[in-house]
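First the structure, in the form of structure tokens, and then the observations on it.
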Amino acid sequence: MTVRFAVIGLAASDLAASLAFYRRLGLVFPDGAEDQPHVEAELPGALVLALDTEETVRSFHPGWRPSAGGGRVALAFRCDSPAEVDARYQELVAAGHHGELGPWDAFWGQRYATVHDPDGNAVDLFAPLPAPGE
């Protein structure tokens, strides 16, 4: 038997706000997902992003409490170009999401930025920078 990584699960304090955030990044959730206790979006590579309401998590784990601190989980979305990193970052910040790190050219050769989803999870946006001389 082989164990295979398959699901990224997040507990959402406001499911509608989380769905709006991740839809802005191109993820597809079913119509009416805002009214469900658990929703999923298929990701490339057979992965799934699953969002559960805090109430759903407490239904099977009554002692669960959301983390008081942040910075333990980060999701990263690859953009088509450095300009798209800038545009997506600006779009999300304009929609009221916290911009943690504005777009910058990282020393490892990518345009990079970090925003927070409605629950404070870090969401990185990145794209390869053109090679010198391109």
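The chain is numbered in sequence order, starting from 1.
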Margin query: The criterion is side-chain contact (heavy atoms from CB on, under 4.5 Å); which residues satisfy it with P130, sequence neighbours excluded?
Written below: P82, E134

Next item on the list: Using side-chain hydrogen bond (donor to acceptor under 3.5 Å, both in side chains) as the criterion, list what pairs up with R111, not counting sequence neighbours.
Entry: D86, D105

Next item on the list: Could you tell me which non-hydrogen atom of G99 sits nearest to which non-hydrogen atom of Y89, and how far apart they are?
Entry: CA-OH, 3.3 Å

Note to self: So, taking the atom named CD in E42 and the one named CG in L49, what distance separates them when rounded to the nearest 0.5 Å?
What the structure shows: 11.5 Å

Check: Is there a donor-acceptor pair under 3.5 Å between the side chain of S18 and the backbone N or O of L15?
Finding: no

Checklist line | Pairs involving residues 114-128, ordered by first then second residue, that meet salt bridge (Lys or Arg N to Asp or Glu O under 4.0 Å) (sequence neighbours left out) | finding: none

Note to self: Measuring from atom CG of D14 to atom CG of L51, what distance do you get when rounded to the nearest 0.5 angstrom?
What the structure shows: 11.5 Å

Note to self: If only side-chain N and O atoms count, and only distance matters, is there a donor-acceptor pair under 3.5 Å linking T56 with S59?
What the structure shows: no

Next item on the list: Group every Ile, Leu, Val, Met, Phe, Trp and Tyr by side-chain heavy-atom contacts under 4.5 Å, then state whether F5 and L75 land in the same group.
Entry: yes

Checklist line | V85 to A113 - nearest heavy-atom pair and separation | finding: CG1-CB, 4.0 Å

Margin query: Minimum heavy-atom separation for T114 and A122, please, with both atom names.
Written below: CG2-CB, 4.0 Å

Next item on the list: Sequence neighbours left out, what passes ring pair (Phe, Tyr, Trp, His ring centres under 6.0 Å) with F21? Give chain and number order.
Entry: H97

Next item on the list: Grab the two heavy atoms, one from W104 and one from F107, that are nearest each other, plus how far apart they are.
Entry: CZ3-N, 4.2 Å

Next item on the list: Check whether any side-chain heavy atom of F77 lies under 4.5 Å from a side-chain heavy atom of Y22, and answer yes or no.
Entry: yes

Margin query: Taking side-chain contact (heavy atoms from CB on, under 4.5 Å) as the definition, give me every residue that meets it alongside A20, ordered by chain and number, with sequence neighbours left out.
Written below: none

Margin query: Test of understanding: clusters of I, L, V, M, F, W, Y form through side-chain heavy atoms closer than 4.5 Å, transitively. Do I8 and V115 belong to the same one?
Written below: yes

Note to self: If you compare all heavy atoms of C79 against all heavy atoms of L125, which two are closest, and at what distance to 0.1 Å?
What the structure shows: SG-CB, 4.2 Å

Next item on the list: Could you tell me the separation between the CG atom of L27 and the CG atom of L19, rounded to the nearest 0.5 Å?
Entry: 10.0 Å

Checklist line | Residues that, via side-chain heavy atoms closer than 4.5 angstrom, fall in one hydrophobic cluster with V57 | finding: F60, W64

Next item on the list: For H98, check ring pair (Phe, Tyr, Trp, His ring centres under 6.0 Å) against everything at least two apart and list the hits.
Entry: H116

Item checked: Value rounded to 0.5 Å, distance of OG1 in T53 from CD in E34 -> 13.0 Å

Next item on the list: Just jot down the side-chain contact (heavy atoms from CB on, under 4.5 Å) partners of A87, sequence neighbours excluded, or say none.
Entry: none

Notebook entry, point to check: Mind checking what makes side-chain contact (heavy atoms from CB on, under 4.5 Å) contact with V28, not counting sequence neighbours?
Noted result: none

Next item on the list: Scan residues 46-59 for pairs that pass salt bridge (Lys or Arg N to Asp or Glu O under 4.0 Å), counting only residues two or more places apart or in two chains.
Entry: E54-R58

Item checked: Non-neighbouring partners of R78 that pass side-chain hydrogen bond (donor to acceptor under 3.5 Å, both in side chains), sequence neighbours left out -> none

Notebook entry, point to check: Would you say the side chains of H38 and Q36 form a donor-acceptor pair under 3.5 Å?
Noted result: no

Next item on the list: State, with a plain yes or no, whether a side-chain heavy atom of Y112 is found less than 4.5 Å away from one of L101.
Entry: no

Check: How would you list, by chain and number, every residue that makes a side-chain hydrogen bond (donor to acceptor under 3.5 Å, both in side chains) with E91, sequence neighbours excluded?
Finding: R24

